[in-house]
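Every chain is numbered from 1 and lettered A, B, ... according to where its sequence line falls, protein lines coming before strand lines.
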Amino acid sequence: GENVEQHPSTLSVQEGDSAVIKCTYSDSASNYFPWYKQELGKRPQLIIDIRSNVGEKKDQRIAVTLNKTAKHFSLHITETQPEDSAVYFCAASKASGNTGKLIFGQGTTLQVKP
Amino acid sequence: NAGVMQNPRHLVRRRGQEARLRCSPVKGHSHVYWYRQLPEEGLKFMVYLQKENIIDESGMPKERFSAEFPKEGPSILRIQQVVRGDSAAYFCASSPGKDQPQHFGDGTRLSIL
């Protein structure tokens, strides 16, 4: 069945360092890959997404890369700040079907130490 | 432009009661998704609806759970005869199309006594 694996489950970095979170997906028909940031008790917020027709996308300090052959995509955060501390979720979907449901990874708790 | 609105934010029910969760999508969005999140876990898809139609309910338990998105008014997720295992945060998301980004509401935290 459809599955998304996310690693690591926890990540602690020093302020200013980079953070990388990796995900793999099982369904080769998946073609849309969003990343969400969720602070404690709050809603998941879309921070960046990528579609299967591109290999990389960047938005200021955040970038996402996609390797369709390996069914692997990653989130890169540079120059981390304490306010980046949160739980990050990757997800995958295949909008070509009759549903755009998102299959989420298990989440990564990122702690940025001042 | 208001985002996805969910209510109530917190809901407490006793075992055997009914829970009714509401979701008003972003204005102009006709696609609604419901997800469930257990403590310290990821979000699990439950159901996808367009106005007046259930498109995909593959993630919803066959018994006690139902969802609707009427022509007028919010989407409703209904859980009948709740059990302790139903305790979770239930999030609604909306999008203008099935291949468009989904935006989430603040969720309803359901507690079963």
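Both the backbone and the side chain of A/Lys101 come within less than 4.5 Å of a heavy atom in chain B. The contact between A/Leu102 and chain B is made by backbone and side chain atoms together, counting heavy-atom distances below 4.5 Å. When heavy atoms are compared at a cutoff of 4.5 Å, A/Gln38 approaches chain B solely by way of its side chain, counted from C-beta outward. Neither the backbone nor the side chain of A/Pro34 comes within less than 4.5 Å of any heavy atom in chain B. Neither the backbone nor the side chain of B/Val47 comes within less than 4.5 Å of any heavy atom of chain A. Within the 4.5 angstrom heavy-atom criterion, no atom of B/Ser95 approaches chain A.
Separation of atoms OH (B/Tyr33) and CD (B/Gln50) is listed at 7.5 Å; rounding is to 0.5 Å. We find the OH-CD1 distance between A/Tyr88 and A/Ile62 to be 6.5 Å, quoted to the nearest 0.5 Å. Between A/Gln60 atom CD and A/Ile77 atom CD1 the span is 12.5 Å, to the nearest 0.5 Å.
A salt bridge between A/Arg61 and A/Asp84 is present, with a side-chain N of the basic residue lying under 4.0 Å from a carboxylate O of the acidic one.
Checking B/Gln80 against B/Gln17 by side-chain atom types alone, no donor-acceptor pair falls below 3.5 Å.
For chain A, the option among B/Met46, B/Glu41, B/Arg109, B/His103 with the highest count of heavy-atom pairs below 4.5 Å is B/Arg109. Comparing A/Pro44, A/Ser9, A/Gly41 by how many heavy-atom pairs each has under 4.5 Å with chain B, the most go to A/Pro44. If you tally non-hydrogen atom pairs under 4.5 Å between each of B/Gln37, B/Gln6, B/Lys44 and chain A, the highest count goes to B/Gln37. Looking only at heavy-atom pairs under 4.5 Å with chain A, the residue among B/Gly97, B/Gly42, B/Ala89, B/Gly107 that has the most is B/Gly42.
Between A/Phe104 and A/Tyr36, the ring planes are tilted. Angles from 30° to 60° get that label.
Looking only at side-chain heavy atoms (C-beta outward), B/Asp86 and B/Arg36 come within less than 4.5 Å of each other.
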